[in-house]
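Read through the structure below, which is laid out as structure tokens, and then see the notes.
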Amino acid sequence: MNNIGLSPKQYLLQMYDTEEKRFREITRLDTEEKLEYKKLLAHLKKVHEKDQDAKKKKIKSQYGTTDKGKALEELVSFLLEKSSVFEVHENIRNSTNEIDQLLILNHKGRKFEEFLDLPDYIYLSECKNYNKKIGVTWVGKFFSLLTSNKSKVGFLFSYYGFAGSSWNSSVGLVKKLFLTKEKLNERTYIIDINLKDFERIEEGCSLLEIIQAKIKALRLDTNFEKFLELKHPAQK
């Protein structure tokens, strides 16, 4: 790289931009990973669509709850592993409950911490294979899980996402729980990752970009897609 003629400010900005580009590159799926991801996502859609179609026709589905749950877990595990910044521990049991995925920032995550914008270093992740949108009961249970494990950030993966938009819905409950604490560094972030987000990843977003956008949206009480559009104008 030719830095001749750059002022000290320009040089430092260029170095910083290079670091951020490196972070974005390692947290996105590469060409080979995208092909594998497309297969996993196609399979997840297939088992859900076939099951729903069978229910409409009132016939027995070739795919059951176990098949749908496994398809979701395989896709989520793949995404978490390929994000490059998490140390993933699956099916962790403590004295009170079981955690689907315990996520800890690894050495790469610590190196790029300034670009992550994630509170804390330890996160909990749950996969909910549910035949409809996630209601307030599951959100409440997940909040209790986070609280009992002293974690401030949790990712709830599902096919249909959270229900509603009012303050009495699961979406509203997430906002209420976030506002429970006055200090920003003490608040709890429950992040909904669903089929639409899986499709965004297929189109070129990374899991971390979606998580970051939703964290910003929760803080500012706005639509998270605005933050994604700044980075991915082709997806408008």
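Values below: every heavy atom of this structure, side chains too, minus hydrogens, waters and symmetry copies.
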Do other residues, nucleotides or ligands put more than 12 heavy atoms under 6.0 Å from Glu32 CD?
no
Minimal heavy-atom distance between Leu102 and Leu124, with the atoms involved, is CD1-CD2, 3.6 Å
Just jot down the side chain to side chain donor-acceptor pair (under 3.5 Å) partners of Lys45, sequence neighbours excluded, or say none.
Glu199
Who are the ring-ring contact (aromatic ring centres under 6.0 Å, His included) partners of Tyr189, not counting sequence neighbours?
Phe178
Does a side-chain heavy-atom distance below 4.5 Å link Leu116 with Leu105?
yes
Could you tell me which residues satisfy ring-ring contact (aromatic ring centres under 6.0 Å, His included) with Tyr37, sequence neighbours excluded, listed by chain and number?
none
Under the rule for side chain to side chain donor-acceptor pair (under 3.5 Å), what residues qualify as partners of Asp67, not counting sequence neighbours?
none
Count I, L, V, M, F, W, Y as connected when their side-chain heavy atoms are under 4.5 Å apart, and connections chain through other members. Are Ile211 and Leu184 then in the same cluster?
yes
Count the heavy atoms of every other residue, nucleotide or ligand shown that sit under 6.0 Å from CD of Glu90, and state whether that count exceeds 12.
yes
What pair of heavy atoms forms the shortest contact from Leu72 to Leu44, and how long is it?
N-CD1, 3.7 Å
Sequence neighbours left out, what pairs pass ring pair (Phe, Tyr, Trp, His ring centres under 6.0 Å) with at least one residue falling in residues 190-212?
none
Minimum heavy-atom separation for Leu41 and Leu195, please, with both atom names.
CD1-CD1, 4.1 Å
Ser158: which residues meet the side chain to side chain donor-acceptor pair (under 3.5 Å) condition with it, sequence neighbours left out?
none
Can a salt bridge be assigned to the pair Arg28 and Glu209 using a cut-off of 4.0 Å between side-chain N and carboxylate O?
yes
Qualifying residues under side chain to side chain donor-acceptor pair (under 3.5 Å), relative to Glu81, sequence neighbours excluded:
none
Could you tell me if the side chain of Asp100 sits less than 4.5 Å from the side chain of Val76, heavy atoms only?
no
I'd like to check the ring-ring contact (aromatic ring centres under 6.0 Å, His included) partners of Phe78; sequence neighbours left out, ordered by chain and number.
none
Sequence neighbours excluded, which residues qualify as salt bridge (Lys or Arg N to Asp or Glu O under 4.0 Å) partners of Asp221?
Lys175
So the side-chain hydrogen bond (donor to acceptor under 3.5 Å, both in side chains) pairs with at least one residue in residues 145-156 (sequence neighbours excluded) are Asn94-Asn149
Below 4.0 angstrom, N of the basic side chain to O of the carboxylate: do Glu74 and Lys39 qualify?
no
Give me each pair satisfying side-chain hydrogen bond (donor to acceptor under 3.5 Å, both in side chains) with a member in residues 117-140, each pair once, sequence neighbours excluded.
Lys68-Asn131, Gln101-Ser125, Glu113-Tyr121, Asp117-Arg219
Same cluster for Leu79 and Leu35 if Ile/Leu/Val/Met/Phe/Trp/Tyr side chains link at under 4.5 Å?
no
Can you tell me which residue pairs pass the salt bridge (charged side-chain N to carboxylate O under 4.0 Å, His left out) test with a partner in residues 176-188, sequence neighbours excluded?
none
How far apart are the closest heavy atoms of Leu228 and Cys205, and which atoms are they?
CD2-SG, 4.1 Å
